[in-house]
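Letters A, B, ... are given to chains in the order of the sequence lines, protein chains preceding strands, and every chain is numbered from 1.
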Amino acid sequence: MLPILIQQLLNGLSIASVITLIAVGVTLIFGLTGIINFAHGEFLMIGSFVTWLAVQAGTGFVPALVIAILAVALMGLVLERGLFRFTLTRPTNGFIVSLGLIVVLQHVVILFFGPNQKSIPRPLAGVWDVGGVRIASVRVMVILVTIAVVAMTFVMITRSRYGRALRAAVEDRDTAALMGIPVRRYITGVFVLGSALAGLGGALLIALFPVTPFTGGTMVMKGFAVALMGGLGNLTGAVVAGLILGIVEGFSAGYGFSEWTDAYSFGLMILVLLVRPNGLFGGTSGPKMA
Amino acid sequence: MTLLSVRGITTGYGPSIVNRDVSLTLGENEIITILGPNGAGKSTLLRTIVGLVRPRAGSVVMDGEDLTGRTPDVMAKRGLVLVPEGRRIFADMTVAENLRLGAYARRDADGIEADVEVMEGFFPILAAKRQQKGGSLSGGQQQMLAIARGLMARPRVLLLDEPSLGLSPLLVKEIQAIILGIGARFGASVLLVEQNAGLALSVASRGYLMQNGRIVTCGPISELKDMALMRELYLGGATEPAS
C-alpha cells in the first residue's frame, strides 16, 4: 500500500506544481490590478502547444521550454498593452475581457492545430526504483523546477528593491506612485511574469500528459481554487494551498478514488472558504481605487 | 527665484468642478500654506500638482519645465513629492522598508543609507521602531514616518496635506518644529495644506486662502491674519493655535 501511496503523492504533487504556477500568476496579477485573468489557463495551454511545436521542429525539450516561456511572456505583454491596460480602473471589465479571451485563444489554437490532443516524447524517460517505489524521473523534474522557480519568485518579491516596490503598489497604488514607483510599468511587468510562469507550466504539463486546446479550462479552475484557498493576492498562500492540493489529490487517488479527485479538490476549497473566507493566509482585496 | 509655478489649474471629477483657475507660486526655501474650509478643494489641488489627478486646464511648471499631465512617479523624480492626507503608510511593511520606498527614484545606494540615518536622527522614534510594521505605529508616529518617507526622495518641493490631522496639541507642536526645520535641514520648499490655521500661520511666510475651489485672496501671513475674511473663517473658530 505505502509504495502506491508515495507514487500517487508524487503524481499529485507534479500536477499540483503546474497548478501552483498558474495560481501564482493569477494571484500576482489580481493583487496588483484586481483583475482575475481566467484566460490564464489558455496561456498555459498555448505554452504546451508552443512546446509541442518546438519539439516537432526538432529542438530538445529544454530549448522548447525556454521558447514556450518567451512566447507566452510576449503574448502576455501584447495582451496587457493592447487590452488589459484599458480595464485597470474597472477590474470587472478586465475579468470579462479575460472570459472573452478564453474563447478567442482556444479557437485560434483549434484553427491552426485542430481539436485533437498533442503529446511529446517524455523528456526524461527514467523510472527509479527506490525500495519498491517506482518514481518517474519526469515527475520529480517537474516538482523540482517548480520549487526552484517559485522560490526565485518569492525571494525576488520579498528581498529585492523591485519586490518591495511591487508590494507597495499592491498595498496602495496611488501612494506607491507618489514614492516615484512607475506603477504602470510594474503592472505590465507582473502580467509578463505571470504569463512566463504559465508558459513554463504549459511546457511542464505537456511533459507529463497529452494536452488539448481545452486543457486550460480545468487547469485554471484549479489554479483559481488554489489562489482563493491561499488568499487571493497572497503569494505564500498560493504556494501552500498548491502543496495541500497536491497532497489531497495524491491521497485521494492513492486510496482508489481517483475519479473523485476533482470533487475532493473543490470540496476542500469550499470548506476552507467557509471557515476562512479570506483564504488560509488572508488575501488582499485588490487594489485601492482612489 | 520661483521654483514651482501653478497656473490656472481647473480640476474636477466627472461632471463636478473642484478647482477653478487656481494659480500659485512657490520660491526656493519658502514655506507657503493654502488655507480654506473642508471641501474647498485643497487636497484635490495637491493631488493635481503631483499628477494623481489630471487637470482639465492649466499647467504645473517646475524649475521652468512644464510637467502638466505627467504621472506621479515622474513628478517625484523631478523633486515634487506629496505626503498625502491620512499618512498612507504601507501598513504591512516595516518602518525601514517604508523609508527606503520613499527613496525609490534615487540610484545612490550609499546616499540612501546615509539618509536613513539622517531621518532616524531627525525623527528618533523611527530608529526605535525600525523593524516594526508601519501599521503598528500610533497616528503621530505614522505622521513622522510619512514626512520622513517623503524627505527620503530628497524633494525640492514637499507638499504636506493635513499633517496635524488627528494629532494631540503636543504632537502638533512637534510637527510645527519639523516643518520649520525642513528648509534648513533638507533644502526643500514646503507647500502646506492645513485645517489647523494656527499651525499653518505659525510656519508659513505666505498664504493662499481657498474657498469653493478658488483662491480668494493671498499675501504675506502678517497681512492675512488681519483680514476680516480670515477672522470669520478661522481665527474666531474652534481651531487650536499651535503656537
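Qualifying salt bridge (Lys or Arg N to Asp or Glu O under 4.0 Å) partners for B/Arg154, counting only residues two or more places apart in sequence or in other chains: B/Asp115. Under the rule for a side chain to side chain contact (heavy atoms under 4.5 Å, CB included), the partners of A/Thr158 that lie at least two apart in sequence or sit in another chain are A/Phe154.
Highest contact tally toward chain A, considering only B/Val50, B/Asp92, B/Val81, B/Val74, is held by B/Asp92 [criterion: heavy-atom pairs under 4.5 Å]. Heavy-atom pairs under 4.5 Å with chain A peak, among B/Met75, B/Met152, B/Glu97, at B/Glu97. Taking B/Arg106, B/Lys77, B/Arg107 one by one and counting their heavy-atom pairs under 4.5 Å with chain A, the maximum is reached by B/Arg107.
Using bins of under 30°, 30° to 60° and over 60° for the plane-to-plane angle, the ring pair B/Phe186/B/Phe122 lands in the perpendicular bin.
Looking at B/Glu194 and B/Ser164, their side chains do bring a donor and an acceptor atom within 3.5 Å of each other. Between B/Arg70 and B/Thr68, the side chains place no donor N or O within less than 3.5 Å of an acceptor N or O (distance only, hydrogens not considered).
Using a 4.5 Å cut-off between heavy atoms, A/Arg167 touches chain B through backbone and side chain atoms alike. Using a 4.5 Å cut-off between heavy atoms, B/Leu80 makes no contact with chain A at all. Both the backbone and the side chain of B/Leu101 come within contact range of chain A, with heavy atoms under 4.5 Å apart.
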